Amino acid sequence: MPEFDQMKRARWIAGAVVALVVAGGGVAAAAREAPQPARRYVTDDAGRALILHGFNTASSAKSTPDGLPELTEADVEREYQDMGTNFVRFLLQWRAVEPSPGTYDTKYLDKVAERIGWYRKRGYHVMLDMHQDLWGNGITPSKVAGNGAPQWATFMDGLPVATKLPTWEMYYLEPGVIRAFDHFWNTTGEHPELMDRYAKAWKAVADRFKDDPAVIGYDLMNEPWGGSVQAAAFETGPLATLYRRSIAEIRSVDPDSWIFLEPQAVGVNWGLPSALPAFDDPRSGPARIAFAPHLYPLPLDLGDDYTAGSKEWVDRTLGWWRDNILRTAERMKAPIVLGEFGLDMTRPGATDLVERILDVTDETAMGRAYWSRDDGPWGPYDKGKAGPLVEAYARPYPRAVGGVPLRVVYDEKAVKLTITFDANETGATEVYLPGKSFPNGGKASMGEATWDAAKRVLTVKTKTSGRLDLVITPR
Ligand code: 9MR
């Protein structure tokens with residue numbers, strides 16, 4: 001590695017360490033007793049608990065001129081047939097939503113709606129994600145990095161941004177990028193209108209999609225970065241302000257959709273604690289605010305694999321991540337959806353790590369969306385060919401449960417799925433059963449079961465009260 005790269009890398013790591021120290025209490029938090037999963041769930045219109053499994057769709061939306069992912073209806077169909085997913089974290093770009101201040105592009109939103117329709121037909125729940133990395137593509141003249149924010153919202157005061165860095169994350173430390181964020185968060189006191197515009201853009205999106213039954217909710221900002229304000233000062237300060245304003249704007253038109261909140265990405269993605277506070281939901285009825293963190297273990301970010309010596313480190317960071325995420329969710333009284341995790345599936349140990357993360361999220365009742373659905377070595381398909389992720393991701397699971405799930409265990413050897421739940425009157429339980437282990441569908445240990453072979457879904461009507469152990473085995 002040339003000397004320059006080494007220096008940049010060292011700077012990035014140094015920044016990370018600062019974030020760690022500023023986060024404060026991180027080590028103490030990790031040493032406390034392990035928290036237990038609270039088992040809160042995102043619910044559907046009927047009130048059933050949803051277990052959300054899916055993909056981020058797609059990274060390609062960042063750089064296409066129209067801000068839409070490279071995706072066809074056949075791609076959605078293939079994903080459903082191969083893996084039985086019921087969830088998508090669908091990327092939006094603020095630059096496409098609001099091409100000039102206060103003007104919303106209804107044609108773009110119509111095209112988003114068309115794609116949501118492809119998911120709706122197949123019973124998916126769509127979470128709209130206002131994506132950004134590195135603020136926006138206006139940070140360099142050649143648009144070599146960054147996506148999300150429109151050019152009109154990009155103020156860098158002439159500060160420099162390098163045009164070639166070894167990894168994309170390093171651009172976060174460029175002076176111009178830090179300034180663009182400082183203006184957005186109004187740390188500079190010079191652009192109070194920007195946060196307002198952002199919150200109102202969310203109102204426009206919510207107004208467009210509030211009645212779409214497939215849209216489960218809104219992920220307010222991808223991987224927030226505080227610029228020169230970091231960690232707790234950022235999460236309890238400007239980030240919380242943005243969230244409160246956006247929640248108020250969304251709720252002024254849409255009382256029912258879920259609102260998904262992300263912590264600061266740096267540090268928290270690696271397992272450090274978040275300081276994100278609890279938020280009030282002004283809707284009448286129970287709050288519909290969920291916590292949507294990401295998971296990228298640091299050893300992998302630094303180029304290691306899930307093998308030998310670094311496996312132990314990754315497992316350790318997974319433990320911290322689990323505990324710290326559960327603590328934050330408890331403070332927020334919010335269900336958890338892991339909005340992103342992913343890695344190069346061609347690397348040694350990659351499938352093992354995916355299996356491990358699926359286990360952790362299953363045990364803690366978190367939903368999950370893999371990064372990402374794009375074709376390539378990280379994705380389920382590479383040059384159109386199914387890779388190891390497809391098989392790993394196609395696990396049997398209850399997509400929706402008529403009650404509150406306490407435990408979901410799949411015994412792979414015995415081919416037996418046990419769903420323990422406190423039944424209520426919200427409706428039938430729907431279980432996805434992959435073709436490999438359940439070639440002829442499944443049968444249920446109780447209730448009235450119907451098998452839909454085309455969808456590979458077993459619908460089970462059970463008693464509507466009491467604690468039940470519903471066991472599904474092959475037919
Ligand atoms: O995988 C994405 C990579 O191809 C892009 O260059 C990069 C910058 O836009 O973003 C990567 O995706 C990231 C996502 O946007 C945010 N979370 C981490 C993802 C993986 O690095």
Side-chain angles (χ1 to χ4, degrees), residues 9 12 16 19 54-65 67-71 88-96 127-140 142-149 154 161-174 177 180-181 219-226 260-272 274 292-304 317 321 325 337-347 350 353-354 357 368-382 387 389:
R9 191 178 167 106
W12 171 244
F55 284 90
N56 281 270
T57 307
S59 198
S60 53
K62 297 169 181 179
S63 47
T64 51
L68 292 162
E70 287 160 6
L71 180 80
V88 58
R89 180 172 182 256
F90 191 88
L91 276 78
L92 301 181
Q93 291 274 294
W94 183 20
R95 69 173 159 92
M127 174 173 81
L128 297 174
D129 152 44
M130 199 71 87
H131 208 85
Q132 71 81 32
D133 297 295
L134 311 165
W135 188 241
N137 65 13
I139 59 167
T140 65
S142 58
K143 302 190 173 172
V144 61
N147 67 89
T154 306
V161 175
T163 49
K164 197 175 188 309
L165 292 175
T167 72
W168 73 266
E169 292 97 331
M170 287 177 179
Y171 285 89
Y172 269 124
L173 297 173
E174 291 299 296
V177 175
F181 278 99
D219 183 345
L220 299 191
M221 182 184 271
N222 179 65
E223 301 199 341
W225 166 250
F260 296 84
L261 304 179
E262 299 192 27
Q264 157 169 323
V266 171
V268 182
N269 285 7
W270 302 328
L272 294 174
S274 162
H294 294 179
L295 166 58
Y296 289 100
L298 184 58
L300 273 98
D301 275 358
L302 295 176
D304 283 341
T317 63
W321 183 86
I325 292 304
V337 173
L338 168 55
E340 278 188 31
F341 69 103
L343 73 166
D344 182 342
M345 292 303 298
T346 65
R347 304 291 306 183
L353 181 54
V354 167
I357 294 175
R368 57 187 179 231
Y370 181 92
W371 183 270
S372 64
R373 178 64 179 81
D374 298 78
D375 188 272
W378 280 48
Y381 310 101
D382 194 355
L389 184 60

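Since the structure is predicted, the reported quantities are computational estimates derived from the model, not experimental observations. First listed ligand is number 1; within each ligand, the first listed atom is number 1.
Smallest separation of non-hydrogen atoms from W321 and P293: CZ2-CG, 4.2 Å. Nearest heavy-atom pair, T140 versus V144, reported as atom, atom and distance to 0.1 Å: OG1-N, 3.1 Å. Nearest heavy atom pair, residue Y171 against residue L134, reads CB-CD2, 3.4 Å.
When side chains are defined from C-beta on, F260 does not count as touching L220, because their heavy atoms never get closer than 4.5 Å.
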Where does ligand 1 get N/O contacts under 3.5 Å from the protein, atom by atom?
residue, atom, partner, partner atom, Å
ligand 1, 1 (O), W371, NE1, 3.1
ligand 1, 9 (O), K62, NZ, 2.9
ligand 1, 9 (O), D133, OD2, 3.0
ligand 1, 10 (O), K62, NZ, 2.6
ligand 1, 12 (O), K62, NZ, 3.1
ligand 1, 12 (O), W371, NE1, 3.2
ligand 1, 15 (O), K62, NZ, 2.7
ligand 1, 15 (O), H131, NE2, 2.8
ligand 1, 15 (O), D133, OD1, 2.9
ligand 1, 15 (O), D133, OD2, 2.8
ligand 1, 17 (N), E223, OE1, 3.2
ligand 1, 17 (N), E223, OE2, 2.8
ligand 1, 17 (N), E340, OE1, 2.5
ligand 1, 21 (O), W168, NE1, 3.3

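Under the 3.5 Å distance criterion, the side-chain polar atoms of E262 are matched with a main-chain donor or acceptor of E223.
Ionic pairing of R373 and E340 is not present here: no N-O contact between side-chain nitrogen and carboxylate oxygen is shorter than 4.0 angstrom.
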